[in-house]
Engineer: 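I have a structure here, written as structure tokens, and I will follow up with some questions on it.
It should be emphasised that the depicted structure is a prediction, and the values quoted were computed from it without experimental measurement. What you see below is based on every heavy atom in this structure, not just the backbone, and it leaves out hydrogens, waters and symmetry mates. Chain identifiers are assigned alphabetically (A, B, ...) following the order of the sequence lines, protein sequences preceding nucleic acid strands; residue numbering begins at 1 within each chain.
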Number of protein chains: 2
Amino acid sequence: MRDVAVRAGVSTMTVSRVLNEPGKVSEEMRERVLTAVREIGYLPNHLAGSLSSNRSTTIGLIVPSIDNSIYTQTIKGLSEVLKRSGFQLMIAESGYDPNEEEELITVFLSHRVGGLVLHSTEHTPQAIEKIRKSGIPVVENGNIPKEPLDMVVSYSNRDASYAMTMHLGRLGYRKIAFASLYSVHNDRSQDRLKGYLAALKQLGLEPDSRMVLETGRGLAAGAEVVARVIQSVPEVDALFCAGEVLAVGALFECQRRGWSVPRRIALASFDDVNLLRHVSPSITSLRLPRYDIGERTARILLSRIIDGADHLRGSVVDLKFEVIQREST
Amino acid sequence: MRDVAVRAGVSTMTVSRVLNEPGKVSEEMRERVLTAVREIGYLPNHLAGSLSSNRSTTIGLIVPSIDNSIYTQTIKGLSEVLKRSGFQLMIAESGYDPNEEEELITVFLSHRVGGLVLHSTEHTPQAIEKIRKSGIPVVENGNIPKEPLDMVVSYSNRDASYAMTMHLGRLGYRKIAFASLYSVHNDRSQDRLKGYLAALKQLGLEPDSRMVLETGRGLAAGAEVVARVIQSVPEVDALFCAGEVLAVGALFECQRRGWSVPRRIALASFDDVNLLRHVSPSITSLRLPRYDIGERTARILLSRIIDGADHLRGSVVDLKFEVIQREST
DNA sequence: CCCGATTTTGATATCGGTAACAACAGAATT
DNA sequence: AATTCTGTTGTTACCGATATCAAAATCGGG
């Protein structure tokens with residue numbers, strides 16, 4: 001920058017102004033500086049800028065695993081909005097482990113990110129403490145927690161699960177099984193289960209522990225769930241999978257066994273990925289606002305950071321979801 | 001840091017040493033400093049550190065689109081290795097556009113990233129110029145270009161495509177169609193086409209432009225490709241889709257039409273995602289080392305950055321792929 | 001017990017910018 | 001014409017760390 005200043009015959013301050021607040025500089029200076037910048041091929045050092053101004057244009061994002069199509073939509077929403085304002089995304093994976101998450105939060109804080117986006121809503125006490133102390137704005141994304149850290153942009157896993165279960169009930173299914181990922185350390189799974197149970201109650205159906213299944217990730221897990229539930233409750237007439245991979249795995253298993261879906265058993269899924277629309281039968285599912293979550297998250301963070309919109313502190317945005325009825329129910 | 005130094009009754013230099021080169025500090029000082037750090041809850045300012053040491057622990061990654069399962073595997077490989085060395089990943093999407101890529105490269109350079117990972121192997125002249133000038137190590141990932149920017153960790157799209165086409169030929173298929181994404185501005189697609197054509201020649205088969213199709217992204221595009229090729233060349237007996245989404249879309253379309261795969265038409269795919277193993281019939285595909293690419297890329301970058309391994313400059317790592325024979329051929 | 005070698009610690013400049021305020025010029029006000 | 005205001009540019013200090021080299025402490029050998 002010094003070089004540019006010398007070449008343009010001005011002070012570094014003027015150069016800095018041309019680059020950041022062009023309005024405050026006279027036409028002539030602006031031109032001189034800009035040509036000097038071009039001639040030298042000068043690239044501002046963003047580190048120095050952030051350090052000196054105590055402002056950062058990077059946002060830290062922690063997802064359980066990048067390797068999951070549902071996060072990528074949110075990431076896309078985030079990154080598209082952030083990019084427009086010249087913000088950058090730092091992404092890390094916690095591997096579904098709160099301790100790992102804490103570690104990453106520490107790293108991000110020491111990088112002095114301007115804001116933090118967390119998919120998980122379960123954090124270690126130390127992580128919470130550090131975030132509080134840092135004072136930077138945070139958005140939680142994966143669920144609507146009872147005690148938000150700061151801001152929340154999400155849909156309600158409980159409500160969504162409730163809605164789908166009610167949908168199945170209204171269609172006349174009476175033996176509705178529910179499959180989810182392991183719910184320990186995963187309040188998303190827990191809330192989905194709660195929604196399911198609440199709906200059963202509303203429908204006047206008896207909950208049956210044999211029809212509440214937990215399993216791991218992957219298509220094979222979906223297949224396994226089908227096998228398990230049929231084994232213990234042969235009269236089951238619907239299976240609600242709280243995860244699109246499970247649902248597809250379940251469908252494939254049904255096809256393998258030659259069962260008609262939905263005649264022998266109906267299938268419903270969480271999270272409306274493209275695939276569900278194209279398998280046959282197409283699978284009834286919940287359209288969740290994955291992309292919108294990213295977009296809104298970015299917007300609300302930027303408001304806080306750029307405009308200092310302190311009234312947004314602690315705000316909770318509950319985005320809508322939708323039940324998509326298809327051939328599988 | 002000043003606070004920590006005062007509290008421990010030492011200079012800031014000693015604090016810095018305790019944190020970065022503990023070996024060079026006496027036992028006593030180390031303890032005093034560490035307790036002070038703990039008591040104050042001090043978090044080093046990484047920006048300041050990078051600025052002053054002129055070393056950076058962030059790596060910039062540019063992918064065409066995050067929203068694509070094949071990149072996420074590579075990202076996972078990258079991030080896992082980098083994390084172990086305390087490096088961070090900055091990720092951005094170029095949207096398959098070289099100009100956008102150039103823009104992002106500029107941003108990353110001004111963030112003074114320690115290294116750059118580019119999926120695309122096509123860049124604007126200005127982008128190349130800027131990277132050269134910056135002197136930071138770069139790895140290209142998506143293909144093995146004729147003129148690498150610096151280092152390359154990839155598999156050969158041409159070779160992989162050749163191998164699969166030969167495989168189909170050896171199985172006895174004679175009317176092998178080839179479908180890929182639009183190849184303008186996409187040398188991966190171009191190379192895949194070259195491999196296909198080279199294999200046809202080797203097999204003594206006539207290339208037929210009606211059996212070389214280009215299309216967009218998505219399952220629907222796969223379906224459309226099937227319709228198109230059958231229409232113009234009814235006697236086609238195999239379809240090689242250079243993309244797993246296309247292949248799955250094609251399979252679904254065949255199922256919808258009630259065609260037996262592989263009897264009516266055989267299907268083969270690029271990129272062995274999990275789904276291909278679980279559909280029925282399972283789809284023959286190419287297992288590409290997506291995760292390994294990320295891992296190796298990270299390793300080679302770290303060698304350059306940390307160990308200053310200059311002999312690695314310009315090295316090209318050609319990772320192996322594998323043809324996975326399944327039911328669809 | 002002293003001296004040079006080695007290790008440990010500290011003082012200072014610096015990395016590349018921006019904040020805050022001072023200085024100055026020309027325009028507007030009276 | 002003197003005074004105040006407004007807008008533009010420059011000066012200086014500082015952001016929070018590390019590099020560099022000097023100073024002090026420790027050590028071993030003669």
Side-chain angles (χ1 to χ4, degrees), chain A residues 1-34 36-37 40-58 86 106-107 109-114 134-136 305-306 308, chain B residues 1-34 36-37 40-58 86 106-107 109-114 134-136 305-306 308:
Chain A
M1 180 176 230
R2 179 131 273 126
D3 300 340
V4 175
V6 170
R7 177 154 202 136
V10 299
S11 71
T12 61
M13 210 43 237
T14 303
V15 177
S16 173
R17 286 200 186 98
V18 170
L19 266 33
N20 300 310
E21 313 158 293
K24 295 194 172 178
V25 177
S26 70
E27 182 65 29
E28 192 204 336
M29 291 289 147
R30 211 181 311 152
E31 297 232 332
R32 268 207 278 163
V33 169
L34 287 178
V37 164
I40 296 193
Y42 163 74
L43 257 189
N45 185 326
H46 210 278
L47 293 180
S50 299
L51 175 61
S52 157
S53 66
N54 201 29
R55 265 180 267 120
S56 165
T57 62
T58 53
T106 308
V107 173
L109 290 181
S110 83
H111 274 270
R112 297 299 190 266
V113 294
S134 79
I136 67 173
I305 296 172
I306 299 177
Chain B
M1 179 176 234
R2 179 131 273 127
D3 300 339
V4 174
V6 171
R7 178 156 200 134
V10 299
S11 73
T12 61
M13 210 43 238
T14 303
V15 176
S16 173
R17 286 199 186 96
V18 170
L19 266 32
N20 300 311
E21 315 159 293
K24 296 194 171 176
V25 177
S26 71
E27 181 65 28
E28 192 204 335
M29 290 291 150
R30 210 181 311 150
E31 298 234 328
R32 268 206 277 163
V33 170
L34 288 178
V37 165
I40 296 192
Y42 163 73
L43 257 188
N45 184 326
H46 211 279
L47 293 182
S50 299
L51 175 61
S52 126
S53 66
N54 201 29
R55 265 179 266 120
S56 164
T57 63
T58 50
T106 308
V107 173
L109 290 180
S110 84
H111 274 270
R112 298 299 189 268
V113 295
S134 79
I136 66 172
I305 296 171
I306 300 178

Engineer: Could you tell me whether the phosphate oxygens of C:dC15, OP1 or OP2, come under 4.0 Å of any side-chain nitrogen or oxygen in B:S52?
Structural biologist: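 Negative; the distance criterion is not met.
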Engineer: Heavy atoms from C-beta onward define the side chain here; which of C:dG16, D:dA17, D:dG10 lies closest to that of B:Y42?
Structural biologist: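 For the B:Y42 side chain, the nearest candidate turns out to be D:dA17.
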Engineer: Among residues at least two apart in sequence or on other chains, which ones pass side-chain hydrogen bond (donor to acceptor under 3.5 Å, both in side chains) with B:S110?
Structural biologist: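 Expected list: none.
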Engineer: Take B:H111 and A:T57 through the test side-chain contact (heavy atoms from CB on, under 4.5 Å) and record every step on the way to the result.
Structural biologist: CA-CA 10 Å; B:H111 274 270; A:T57 62; 3.9 Å; yes
Engineer: In whole angstroms, how far is the C1' atom of D:dG16 from the CG atom of A:L47?
Structural biologist: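 Atom CG in A:L47 sits about 12 Å away from atom C1' in D:dG16.
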Engineer: Rounded to whole angstrom units, what separation is found between the CG atom of A:L43 and the P atom of C:dG16?
Structural biologist: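 In whole Å, C:dG16 P and A:L43 CG are 13 Å from each other.
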Engineer: In whole angstrom, what separates B:N20's CG from D:dA17's P?
Structural biologist: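 Those two atoms, CG and P, are 10 Å apart.
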Engineer: Please determine, for the side chain of A:T12, which listed nucleotide (D:dG10, C:dT18, C:dG16) has the closest atom?
Structural biologist: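 Ranking D:dG10, C:dT18, C:dG16 by closest atom to the A:T12 side chain puts C:dT18 first.
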Engineer: Taking the side chain of A:A48 as heavy atoms from C-beta outward, which of D:dT11, C:dG10, C:dG16 is closest to it?
Structural biologist: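 From the listed options, C:dG16 comes nearest.
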Engineer: Please compare B:M1 and A:G9 by the position of their nearest nucleotide in DNA chain D and report the one closer to 5'.
Structural biologist: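 Counting from the 5' end, the first nearest nucleotide belongs to A:G9.
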Engineer: Let me know the distance between CZ of B:R55 and C1' of D:dA17, rounded to the nearest Å.
Structural biologist: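 Distance, rounded to whole Å: 11 Å.
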Engineer: Excluding sequence neighbours, so at least two apart, what forms side-chain hydrogen bond (donor to acceptor under 3.5 Å, both in side chains) with B:S56?
Structural biologist: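 side-chain hydrogen bond (donor to acceptor under 3.5 Å, both in side chains) check on B:S56 returns B:T58.
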Engineer: Can you pull out how bent the helix from C:dC1-D:dG30 to C:dT30-D:dA1 is, comparing the axes over its first five and last five pairs, to 10°?
Structural biologist: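 Roughly 40° between the end axes, to the nearest 10°.
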Engineer: Which atoms form the tightest heavy-atom contact between A:M29 and A:V10, and what is the distance?
Structural biologist: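 For A:M29 versus A:V10, the nearest heavy atoms are SD-CG1, 3.4 Å.
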Engineer: Within the 4.0 Å heavy-atom criterion, would you say A:N45 contacts the bases, only the backbone, or no part of the nucleic acid?
Structural biologist: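 A:N45: backbone/sugar contact only, no base atoms under 4.0 Å.
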Engineer: Using 0.5 Å steps for rounding, measure from the NZ atom of A:K24 to the OG atom of A:S16.
Structural biologist: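 Between A:K24 NZ and A:S16 OG, I get 11.0 Å after rounding to 0.5 Å.
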Engineer: Can you see which heavy atom on A:P44 is nearest to which on A:L19, and at what distance?
Structural biologist: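 Answer, listing the atom of A:P44 first, then A:L19: CG-CD2, 4.3 Å.
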Engineer: Mind checking whether B:L51 and B:L47 have side chains closer than 4.5 Å, heavy atoms only?
Structural biologist: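 Heavy-atom side-chain distance check fails, nothing below 4.5 Å.
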Engineer: Give a yes/no on whether any side-chain N or O of B:R2 is located under 4.0 angstrom from OP1 or OP2 of D:dC14.
Structural biologist: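 No, B:R2 has no side-chain N/O under 4.0 Å of OP1/OP2 on D:dC14.
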Engineer: How far apart are the closest heavy atoms of A:V25 and A:R30, and which atoms are they?
Structural biologist: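 Nearest pair, atom of A:V25 first, then A:R30: O-NH2, 3.0 Å.
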Engineer: Across the strands shown, which category fits B:R17 at heavy-atom distances under 4.0 angstrom: base, sugar-phosphate, nothing?
Structural biologist: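 It contacts base atoms.
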Engineer: How long is the straight-line distance from CD of B:E31 back to CD of B:E27, given to the nearest 0.5 Å?
Structural biologist: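 That separation rounds to 5.0 Å.
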Engineer: Once each nucleotide of nucleotides 23-28 of chain D is scored for protein heavy atoms under 4.0 Å, what B/S/- sequence comes out, 5' to 3'?
Structural biologist: ------
Engineer: Step by step, work out the side-chain contact (heavy atoms from CB on, under 4.5 Å) result for B:V18 and B:R32.
Structural biologist: CA-CA 10 Å; B:V18 170; B:R32 268 206 277 163; over 6 Å; no
Engineer: Is the phosphate of C:dA19, meaning OP1 or OP2, less than 4.0 Å from a side-chain N or O of A:N54?
Structural biologist: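 For C:dA19, neither OP1 nor OP2 has a side-chain N or O of A:N54 closer than 4.0 Å.
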Engineer: Atom CG of A:L19 and atom C1' of C:dT18: how far apart are they, to the nearest Å?
Structural biologist: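 About 12 Å, once rounded to whole Å.
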Engineer: For B:S134, what residues pass the side chain to side chain contact (heavy atoms under 4.5 Å, CB included) criterion, not counting sequence neighbours?
Structural biologist: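 B:L109, B:I136.
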Engineer: How would you label the contact of B:V10 with the nucleic acid (heavy atoms, under 4.0 Å): base, sugar-phosphate, or nothing?
Structural biologist: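 Answer is sugar-phosphate: B:V10 comes under 4.0 Å of backbone atoms only.
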Engineer: If you take any heavy atom closer than 4.0 Å to DNA chain C, which residues from residues 21-33 of chain B end up in contact?
Structural biologist: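 Close to the strand are B:V25, B:S26, B:M29.
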Engineer: So does A:A48 get a backbone contact from the side chain of A:S52, meaning a donor-acceptor N/O pair under 3.5 Å?
Structural biologist: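 Between the backbone of A:A48 and the side chain of A:S52 there is no qualifying donor-acceptor contact (under 3.5 Å).
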Engineer: In whole Å, I'd like the distance from the CE atom of B:M13 to the P atom of D:dC21.
Structural biologist: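 From B:M13 CE to D:dC21 P: 13 Å.
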